[in-house]
Protein chains: 2
Amino acid sequence: MQSKVTIYDVANAAHVSMATVSRVMNNNPKVKKETKERVLKVIHDLNYHPNAVAQGLASKKTTTIGVIIPDLTNSYFANLAVGIDDIAMMYNYNIILSNSNEDTEKQNKIIDNLLAKQVDGIIYMGRNQTEHFQNVIKESETAVVLAGTVDNQNTPSVNINYRKATHDATNFFLKQKQKVALVVDNANFPINAEYRIPGYRDALKENDIKFDKNLIFENHNSDSVNSSIYNNIYESGATAAIVDNDETALLLLNKGFNLGKKIPNDFQIISSNNTIVTKYGRPMISSITQPTYDIGAVAMRILTKIMNNEEVKEKNIYLDYDIIHRGTTRI
Amino acid sequence: MQSKVTIYDVANAAHVSMATVSRVMNNNPKVKKETKERVLKVIHDLNYHPNAVAQGLASKKTTTIGVIIPDLTNSYFANLAVGIDDIAMMYNYNIILSNSNEDTEKQNKIIDNLLAKQVDGIIYMGRNQTEHFQNVIKESETAVVLAGTVDNQNTPSVNINYRKATHDATNFFLKQKQKVALVVDNANFPINAEYRIPGYRDALKENDIKFDKNLIFENHNSDSVNSSIYNNIYESGATAAIVDNDETALLLLNKGFNLGKKIPNDFQIISSNNTIVTKYGRPMISSITQPTYDIGAVAMRILTKIMNNEEVKEKNIYLDYDIIHRGTTRI
DNA sequence: CTGAAAGCGCTAACAA
DNA sequence: TTGTTAGCGCTTTCAG
């Protein structure tokens with residue numbers, strides 16, 4: 001193996017200084033045209049590829065960003081990640097992707113790693129940032145953008161208006177005099193405690209219905225087919241459910257079928273993320289629609305701006321949502 | 001913001017040389033106990049965190065590996081990625097994850113990026129490595145392991161025996177005198193051309209049935225709900241199908257229902273990856289079972305060995321598979 | 001427009 | 001057991 005060719009070798013072969021080669025590589029305009037071409041030719045002939053690690057050390061920019069994802073196998077977050085990845089690649093950033101499992105220790109380890117690797121920025125997805133995460137970010141002054149994620153720190157973020165979306169979905173059912181259950185992973189997560197549940201209650205209040213906390217169900221992030229939560233929902237007397245996770249909604253639908261429920265006649269469902277999973281249902285599942293890919297893409301775009309110290313007008317961006325009625329709702 | 005504390009600051013404060021600090025950080029045994037403790041205390045007091053980029057440049061090891069995935073939103077690959085990520089974290093590696101979309105240009109760009117970032121190794125998932133990829137890998141001598149992926153280059157890999165698994169599934173149907181279709185993404189990909197289709201033909205031959213190429217269907221990686229392929233399959237006269245992708249199998253199942261097919265009475269299905277998606281079916285989908293997570297995990301483990309120049313006995317590892325009969329097969 | 005030279009923060013001989 | 005000293009490969013003033 002011919003040992004790696006460095007900028008030094010290029011400089012030598014082209015009879016210029018390393019500085020000039022560096023300028024050529026970085027498209028610095030003040031290099032004479034002929035010089036540039038000569039250098040470019042040598043670069044090509046020698047098959048020179050700059051060492052990004054060395055560049056990173058010298059320039060203090062790694063063109064790498066960290067992405068923290070709660071669960072790679074969750075269709076919603078996976079779609080966000082694809083949006084992030086596409087835009088990152090477009091702007092020539094690489095992504096260090098880590099699966100947090102929403103686990104505290106793991107998250108702490110991840111953030112330390114990311115910072116050690118000198119990432120230029122971080123996109124965080126998830127529902128429970130650790131204190132350590134927040135402290136460390138603050139100190140390090142690393143740019144962070146939340147995607148499909150809220151916190152109570154005014155961190156830049158890209159989302160839909162969960163409160164209003166949940167409100168709308170609840171209202172849809174309430175107009176039909178349904179008794180509506182709200183199914184969330186964990187009622188204490190900010191996204192639920194501060195957005196979805198308040199949105200649900202907003203609608204209740206508008207319709208003069210008393211809030212019943214027994215109609216809030218938590219499935220604690222479990223995709224388990226055998227969770228008892230599905231039975232509980234059907235036995236609660238609810239006639240409709242808004243579910244914060246497509247996988248859960250599908251499992252709920254199937255369980256209803258097994259229990260002999262007619263959906264949407266006996267029971268209606270609106271899911272929240274409109275991933276492909278909603279299409280796996282029989283009937284297909286009605287859902288709040290989110291521009292999932294775009295949320296990731298916009299988050300990444302914002303992050304590039306922050307990293308370049310460009311002005312960003314809106315720190316907290318809300319993209320449009322809607323509700324699509326498929327087979328699990330009556331209209 | 002207090003400017004970053006470096007190894008130099010630590011050395012100063014602890015009245016030792018940088019080398020000693022470095023030794024402490026790297027757990028070099030030949031540091032006197034008291035010295036070590038003093039340094040450790042300073043490290044803690046100063047809240048020193050080593051700069052991995054500088055370490056990478058000096059040591060020529062980045063403790064970062066590249067992972068190429070065809071589609072983050074595909075449940076099978078996402079599960080592999082989780083296995084990879086877990087073991088990587090266990091061994092203190094970070095993962096640069098890139099979505100290739102099985103796109104040639106994108107793959108080429110990704111591999112160049114990864115190499116520029118000086119990753120210590122690469123895990124490749126996908127079905128069509130580009131020539132550029134293979135050339136560049138060879139030159140760079142970067143360790144590569146394939147996960148859930150085959151090639152024709154004898155690259156280290158972790159898989160199940162796709163040929164035998166497909167053979168078994170086909171045989172299961174043939175024993176029932178079914179006319180069996182084989183549904184793959186692309187018949188030319190090595191995994192299909194050299195494993196699944198031969199496995200299918202093996203079983204045919206054993207049962208003295210003539211191969212009919214019209215029973216091989218390609219869905220070209222599309223998850224599309226509206227693909228015409230489903231109709232074609234049902235209209236082909238086949239009474240059973242082996243499908244290489246759980247998402248496709250589910251869509252096929254649902255389409256059958258819409259066409260009024262009774263499954264498994266009129267038509268049977270065996271899927272290939274046993275991801276959670278098989279559980280979304282009504283009935284749940286019978287499937288070849290693969291230790292998906294383990295394939296990723298083992299691939300990562302092998303990669304650590306290769307990167308450490310440890311001996312690896314088996315270059316190509318085959319994990320156990322089985323067939324689980326759920327609701328889409330008759331037994 | 002180009003070059004010299006000083007780092008970036010760390011590791012790894014080599015000495016002591 | 002510890003310190004000295006070269007680098008690792010690149011960017012970036014500062015001169016010219």
Side-chain angles (χ1 to χ4, degrees), chain A residues 2-40 42-43 46-64 92 112-113 115-120 140, chain B residues 2-40 42-43 46-64 92 112-113 115-120 140:
Chain A
Q2 73 287 37
S3 73
K4 274 280 181 204
V5 6
T6 72
I7 197 173
Y8 179 83
D9 303 320
V10 176
N12 261 8
H15 304 295
V16 296
S17 70
M18 288 162 47
T20 299
V21 180
S22 176
R23 290 189 186 101
V24 171
M25 291 301 301
N26 297 299
N27 265 311
N28 186 316
K30 40 190 167 192
V31 181
K32 209 202 299 176
K33 194 153 168 257
E34 298 104 72
T35 319
K36 180 169 182 177
E37 280 166 2
R38 184 154 38 94
V39 171
L40 247 20
V42 173
I43 285 178
L46 262 41
N47 192 24
Y48 166 69
H49 290 279
N51 178 324
V53 175
Q55 288 179 315
L57 184 58
S59 69
K60 302 185 163 306
K61 290 201 185 316
T62 55
T63 61
T64 301
N92 274 305
D112 289 343
N113 268 313
L115 260 19
K117 295 262 158 99
Q118 316 296 121
V119 294
D120 297 336
S140 78
Chain B
Q2 72 286 37
S3 73
K4 274 280 181 202
V5 7
T6 72
I7 199 173
Y8 179 82
D9 303 319
V10 176
N12 260 7
H15 305 296
V16 295
S17 72
M18 288 162 49
T20 299
V21 179
S22 175
R23 290 189 187 102
V24 171
M25 291 301 302
N26 296 300
N27 265 311
N28 186 318
K30 40 191 168 191
V31 181
K32 210 203 298 177
K33 196 156 169 252
E34 298 103 72
T35 319
K36 180 169 182 177
E37 280 167 3
R38 183 154 39 95
V39 172
L40 247 21
V42 173
I43 286 177
L46 261 44
N47 192 24
Y48 166 69
H49 290 279
N51 179 324
V53 175
Q55 289 179 315
L57 184 57
S59 69
K60 302 187 164 303
K61 291 199 184 319
T62 55
T63 62
T64 301
N92 276 303
D112 289 343
N113 268 314
L115 261 17
K117 295 261 158 98
Q118 318 294 123
V119 295
D120 296 336
S140 78

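Below, chain A is the first sequence line, B the second, and so on; all start at residue 1. Any value given below was found using the heavy atoms of this structure, including those in side chains, with hydrogens, waters and symmetry copies removed.
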First of A:Lys32 and B:Tyr48 reached from the 5' end of DNA chain C, by closest nucleotide =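 Per heavy-atom nearest nucleotide, the more 5' residue is A:Lys32.
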
Listed partners of A:Asp112 passing side-chain hydrogen bond (donor to acceptor under 3.5 Å, both in side chains), at least two apart =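 A:Asp112: side-chain hydrogen bond (donor to acceptor under 3.5 Å, both in side chains) contacts with A:His132.
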
message = Just to verify, what does A:Asn26 make a side-chain hydrogen bond (donor to acceptor under 3.5 Å, both in side chains) with, not counting sequence neighbours?
response =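 Checked A:Asn26 against side-chain hydrogen bond (donor to acceptor under 3.5 Å, both in side chains); matches are A:Ser22.
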
request  = Determine whether A:Thr63 and A:Asn92 make a side-chain contact, defined as any pair of heavy atoms from C-beta on separated by less than 4.5 Å.
outcome  =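 No; the side chains remain at least 4.5 Å from each other.
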
message = Is the shortest side-chain heavy-atom distance between B:Thr6 and B:Asp9 below 4.5 Å?
response =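 Yes, their side chains come closer than 4.5 Å.
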
key: Spacing of CG belonging to B:Asn51 relative to CG belonging to B:Leu57, to within rounding of 0.5 Å   =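 Output value for this atom pair is 10.0 Å.
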
query = How long is the gap from CE on A:Met18 to OG1 on A:Thr20, to the nearest 0.5 Å?
reply =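 Those atoms lie 10.5 Å apart.
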
inquiry  = Please identify the 5'-most and 3'-most nucleotides of DNA chain D with any atom under 4.0 angstrom from a heavy atom of chain B.
reply    =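 Listing 5' to 3', DNA chain D meets chain B from D:dT1 to D:dG9.
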
Neighbours of DNA chain D within residues 12-27 of chain B, by heavy-atom distance under 4.0 Å =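 B:His15, B:Val16, B:Ser17, B:Ala19, B:Thr20, B:Arg23 - these, ordered by number, are the residues of the stretch whose heavy atoms sit under 4.0 Å from the strand.
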
DNA chain D-proximal residues of residues 55-63 of chain A, any heavy atom under 4.0 Å =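 When residues 55-63 of chain A is checked for heavy atoms under 4.0 Å from DNA chain D, the hits, listed by number, are A:Gln55, A:Ala58, A:Ser59.
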
task = Walking along DNA chain C from 5' to 3', note the first and the last nucleotide with an atom under 4.0 Å from a heavy atom of chain A, and give both.
result =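 The contact span of chain A on DNA chain C goes from C:dC1 to C:dG9.
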
query = Touch check for B:Lys30, heavy atoms < 4.0 angstrom, all strands: base, sugar-phosphate only, or nothing?
reply =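 Contact class for B:Lys30: base.
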
Under the side chain to side chain contact (heavy atoms under 4.5 Å, CB included) rule, collect the residues that match up with [X], sequence neighbours excluded.
| X | result |
| --- | --- |
| A:Thr62 | A:Thr64, A:Gln118, A:Asp120, B:Val53 |
| B:Ser59 | B:Lys61 |
| B:Asn47 | A:Glu139, B:His49 |
| A:Met25 | A:Val21, A:Ile43, A:Tyr48, A:Pro50 |

Minimum heavy-atom distance A:Ala11-A:Ser17, with the two atoms named =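 Looks like CB-C, 3.7 Å.
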
task = Could you name each residue pair satisfying side-chain hydrogen bond (donor to acceptor under 3.5 Å, both in side chains) that touches residues 30-39 of chain A, not counting sequence neighbours?
result =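 Every pair satisfying side-chain hydrogen bond (donor to acceptor under 3.5 Å, both in side chains) with a residue in residues 30-39 of chain A: A:Asn27-A:Lys36.
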
ask   = DNA chain C: stems of at least 3 consecutive Watson-Crick or G-U pairs, cut-off 3.5 Å?
value =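 Stem segments, range with range: C:1-16 with D:1-16.
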
